[in-house]
Amino acid sequence: MEEDYLWWQRGTIYQIYPRSFMDANGDGVGDLPGILARMDYLQWLGVDALWLSPIYPSPMADFGYDVADYRGIEPLFGTMGDFDRLLTDTHRRGMKLLLDLVPNHTSDLHPWFIESRASRENPRRDWYIWREPSPSGGPPNNWLSVFGGSAWQYDEETGQYYLHSFAVQQPDLNWRNPQVEAAVFDVIRFWLDKGVDGFRVDVIYYLIKDELFRDNPPNPDYKPGEDQYNSQRQIYTYNRPEVHAIIRRMRALFDEYAERVMIGEIYLPVAELMSYYGTNNDEAHLPFNFQLILLPWRASVIREAVRAYEARLPAGGWPNWVLGNHDNHRIATRVGRAQARVAAMLLLTLRGTPTSYYGDELAMLDVEIPLEMVRDVQELGKPGLGLGRDPERTPMQWDGSANAGFATGRPWLPISPDYALYNVATEQEDPASMLRLFRQLLALRRSSPALSTGSYMDLPSSSPDVFSFLREQDDERLLIVLNFSHEARVFSMGGGSAEVVLATVPGHGGFVELALLELAPDAGLILRVGQM
Ligand code: GLC
């Protein structure tokens with residue numbers, strides 16, 4: 001039965017990057033009152049849950065992923081009053097609100113770290129990971145920071161190094177210290193008590209590092225010139241076996257509350273990703289599945305990835321799919337605008353909770369960032385490798401007015417040059433727009449038990465460029481046929497005819513013959529089929 005599923009299984013998640021969604025006070029940076037002002041849009045669109053990237057006080061070295069106070073609201077974004085209003089309004093509209101928990105590290109300006117670095121004897125010294133220099137001088141081992149260079153930073157005052165898996169301004173907490181766990185769990189309680197519906201937990205697989213601080217071995221597949229972080233196999237710095245016990249205890253805390261969701265940010269191969277469901281579904285509800293972001297956009301590749309993912313899911317584990325986020329190039333840039341429509345259809349018809357990224361519903365593109373406007377710590381740390389994340393973080397395009405209706409003041413990142421064509425107001429008026437397609441897909445998914453909770457079965461394909469599958473529940477049976485190429489293709493399956501429910505391109509409508517279905521370039525179709 002449909003009702004047996006929880007909201008985070010039936011619903012879709014929409015990620016908001018608060019700096020870039022809507023600026024209500026004219027300082028060029030998005031804020032909570034801005035989000036509140038756009039709630040009608042989000043409800044019209046038809047998403048079920050909003051996930052906000054961090055909104056806590058932060059020096060913004062990594063735009064909020066460097067938290068200076070886990071229980072406050074960054075003044076740039078508003079006040080706790082604004083947050084409470086947003087939470088109330090979200091719930092009043094029947095939607096859910098998820099926050100971002102960043103437990104692996106704090107800001108170097110968090111009071112915990114200020115105390116920790118004050119002296120070796122400070123009671124909070126052991127809340128972070130401090131080590132002596134190596135015997136020959138220099139960093140304690142060869143661990144690398146994701147954002148470039150050594151993961152160790154020397155502290156002159158106390159003569160030791162601290163670990164930062166990310167930026168120098170993001171010291172790693174020491175999760176082997178039970179006081180750290182207790183303090184972060186109190187933070188989780190604080191927000192869940194307020195009524196927040198769950199968390200996306202930042203780099204949850206990084207929480208524990210090798211107890212012996214062993215050097216990471218070299219990566220034999222590394223090619224010089226690539227991101228230096230890939231020069232090692234990171235076997236001692238993340239995905240350590242001890243992390244699962246922590247996640248289990250974290251999950252138990254979530255389970256003290258009704259229907260809260262715990263999502264883990266985990267970039268690992270599928271086999272390892274699955275271990276984050278726990279041995280008995282007692283870890284993350286949804287270990288984020290980033291395959292649609294990471295894999296080459298080919299029908300045969302994606303089809304096989306879905307098959308393998310479904311096959312590996314543990315009993316009772318609920319699938320999920322992510323198409324974009326604030327760390328990766330936008331889908332419309334990765335696959336082109338025509339295929340982005342196919343991708344949206346795929347995301348919203350696969351089995352499992354879909355997560356989409358603000359602006360992808362408009363087919364927003366990455367925006368080229370002039371050198372002098374680069375803001376991202378990763379691009380600043382490792383320039384020129386194409387790793388900058390500013391391009392996918394540019395302001396939401398609301399209308400054709402100045403600054404795309406995002407802000408009255410100068411936006412913190414440039415607005416896309418094509419905003420006059422691709423924006424909410426324009427696309428709402430255009431029946432052929434990406435936005436209208438996205439909204440129809442969301443509405444269809446909501447009203448269709450087959451799509452929201454039904455079974456999944458892939459079908460043999462008449463072309464390597466076509467991915468087709470069936471979703472089925474009770475007497476509802478939908479056939480999804482996706483042409484991943486920019487050329488016409490043919491799909492054929494048995495006989496009989498089927499009704500076109502939704503298509504990504506014009507020209508497909510009414511009833512089609514399944515024995516010989518000619519697919520237009522970039523065509524994705526949702527078909528209603530009878531018993532076969
Ligand atoms: C996660 C976030 C990313 C951030 C990093 C460090 O990967 O998604 O934006 O820079 O963690 O917190």
Side-chain angles (χ1 to χ4, degrees), residues 15-23 26-31 34 52-55 58-66 74 76-77 100 145-149 166-170 225-230 267 290 293-294 322-337 340 356-424 434:
Q15 180 189 357
I16 291 178
Y17 196 67
R19 287 185 77 84
S20 302
F21 195 64
M22 179 68 206
D23 173 21
D27 63 0
V29 174
D31 45 40
L52 309 184
S53 278
I55 52 172
S58 164
M60 299 286 165
D62 190 15
F63 294 122
Y65 286 94
D66 47 327
E74 160 64 36
L76 264 175
F77 294 145
D100 209 312
S145 150
V146 173
F147 293 154
F166 294 87
V168 180
Q169 302 94 324
Q170 291 168 299
E226 280 178 14
D227 181 357
Q228 190 205 3
Y229 192 65
N230 298 336
Y267 285 89
F290 296 123
I293 294 180
L294 302 173
V322 184
L323 201 54
N325 61 31
H326 63 296
D327 295 326
N328 290 282
H329 299 307
R330 284 189 178 273
I331 181 70
T333 292
R334 282 186 273 123
V335 304
R337 278 197 162 120
S356 72
Y357 182 52
Y358 87 92
D360 282 351
E361 74 274 23
L362 306 175
M364 269 177 67
L365 293 175
D366 280 8
V367 176
E368 211 180 304
I369 310 291
L371 219 52
E372 68 280 5
M373 289 193 79
V374 168
R375 306 290 300 272
D376 176 28
V377 60
Q378 174 150 267
E379 178 65 21
L380 296 170
K382 297 193 285 196
L385 295 173
L387 298 172
R389 300 170 296 176
D390 295 323
E392 61 263 22
R393 296 176 177 179
T394 62
M396 177 73 171
Q397 293 154 210
W398 292 104
D399 56 41
S401 71
N403 297 329
F406 162 73
T408 50
R410 184 165 188 255
W412 76 286
L413 280 178
I415 306 272
S416 178
D418 64 6
Y419 80 90
L421 288 177
Y422 295 90
N423 65 61
V424 171
M434 174 72 155

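- The local environment of CD in Glu368 is sparse, with at most 12 non-hydrogen atoms from other residues, nucleotides or ligands closer than 6.0 Å.
- With 3.5 Å as the limit, one finds a donor-acceptor pair spanning the side chains of Asn328 and Asn325.
- Between the side chain of Glu361 and the main chain of Gly359, a donor-acceptor pair closer than 3.5 Å is present.
- Put simply, the side chain of Tyr229 never gets that close to the backbone of Gly149: no donor and acceptor are under 3.5 Å apart.
- Sorted by first and then second residue, the ring pair (Phe, Tyr, Trp, His ring centres under 6.0 Å) pairs with a member in residues 378-402 read Phe21-Trp398, Tyr41-Trp398; sequence neighbours excluded.
- Classification of Arg393 and Asp327 as a salt-bridged pair holds, one side-chain N sitting under 4.0 Å from a carboxylate O.
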(request) Report the C-alpha distance between Met364 and Thr333 in whole Å, list the side-chain angles of each, state the deciding distance to 0.1 Å, and finish with yes or no for side chain to side chain contact (heavy atoms under 4.5 Å, CB included). (result) CA-CA 8 Å; Met364 269 177 67; Thr333 292; over 6 Å; no
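- Between Ser53 and Gln15, some side-chain heavy-atom pair lies under the 4.5 Å cut-off.
- Interatomic distance, Gln228 CD to Leu385 CG, rounded to the nearest 0.5 Å: 10.0 Å.
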(request) Decide yes or no on side chain to side chain contact (heavy atoms under 4.5 Å, CB included) for Leu52 and Asp100, but give the supporting numbers first. (result) CA-CA 6 Å; Leu52 309 184; Asp100 209 312; over 6 Å; no
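- Counting only distance, with no hydrogens or angles, the side chain of Asp376 and the backbone of Gly388 share no donor-acceptor pair below 3.5 Å.
- Ring-plane geometry between Phe147 and Phe166 is classed as perpendicular, the angle between the planes exceeding 60 degrees on a 0 to 90 degree scale with a lower cut at 30.
- Considering CD1 of Ile16 and CE of Met22, their distance stands at 12.5 Å, rounded to 0.5 Å.
- Listed by first then second residue, pairs satisfying salt bridge (charged side-chain N to carboxylate O under 4.0 Å, His left out) with a partner in residues 403-414 number zero, not counting sequence neighbours.
- A salt bridge does not link Asp390 to Arg375: none of the charged side-chain nitrogens sits closer than 4.0 Å to a carboxylate oxygen.
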(request) Please step through ring-ring contact (aromatic ring centres under 6.0 Å, His included) for the pair Phe290 and Tyr267, ending with a clear verdict. (result) CA-CA 7 Å; Phe290 296 123; Tyr267 285 89; 4.1 Å; yes
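- Here Tyr357 pairs with nothing under the ring-ring contact (aromatic ring centres under 6.0 Å, His included) rule; sequence neighbours left out.
- Considering only heavy atoms from C-beta on, Ile415 stays 4.5 Å or farther from Val367 through its side chain.
- Counting only heavy atoms from C-beta outward, the side chains of Pro414 and Met373 approach each other to under 4.5 Å.
- Salt bridge status for Arg389 with Asp366: absent, with no side-chain N to carboxylate O gap under 4.0 Å.
- In this structure, Asp399 contributes its side chain and Val424 its backbone to no donor-acceptor pair below 3.5 Å.
- The shortest distance between side-chain heavy atoms of Tyr422 and Arg337 falls below 4.5 Å.
- Asp31 has its side chain within reach of Asp23: a pair of non-hydrogen atoms, C-beta onward, lies under 4.5 Å apart.
- A distance of 12.0 Å separates CG of Leu362 from CG of Leu421, quoted to the nearest 0.5 Å.
- Between Ala332 and Ala340, the shortest heavy-atom contact is CA-CB, 3.9 Å.
- Inter-residue side-chain proximity for Pro395 and Leu413 is flagged as met; some heavy-atom pair is nearer than 4.5 Å.
- Note: Tyr17 and Tyr358 fail the aromatic proximity criterion, with ring centroids not under 6.0 Å apart.
- A distance-only check finds no donor-acceptor pair linking the side chain of Gln170 to the backbone of Asp62 [under 3.5 Å].
- Side-chain atoms of Gln397 never come within 3.5 Å of backbone atoms of Ala404 as a donor-acceptor pair (strictly under, hydrogens ignored).
- Atoms OG and CZ, on Ser58 and Phe77 in that order, are 8.0 Å from each other to the nearest 0.5 Å.
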(request) Output, in order, the C-alpha distance, side-chain angles, deciding distance and verdict of side chain to side chain contact (heavy atoms under 4.5 Å, CB included) for Asp227 and Leu387. (result) CA-CA 9 Å; Asp227 181 357; Leu387 298 172; 3.6 Å; yes
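- Closest heavy-atom contact between Ala167 and Val377: CB-CG2, 3.9 Å.
- Contact check for Leu323 versus Ile293: no side-chain heavy atoms found under the 4.5 Å cut-off.
- Side-chain atoms of Gln378 and Val146, non-hydrogen and from C-beta on, do get closer than 4.5 Å to each other.
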(request) Determine, step by step, whether Glu74 and Ile55 satisfy the side chain to side chain contact (heavy atoms under 4.5 Å, CB included) criterion, reporting the C-alpha distance in whole Å, the side-chain angles of both residues, the deciding distance to 0.1 Å, and the verdict. (result) CA-CA 6 Å; Glu74 160 64 36; Ile55 52 172; 5.9 Å; no
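- Note that the OG atom of Ser416 and the CE atom of Met396 stand 12.5 Å from one another [nearest 0.5 Å].
- A donor-acceptor pair under 3.5 Å is absent between the side-chain atoms of Asp360 and the main chain of Ser356, judged by distance alone.
- Annotation: Phe406 is not in aromatic contact with Trp412 [ring centroid separation under 6.0 Å not met].
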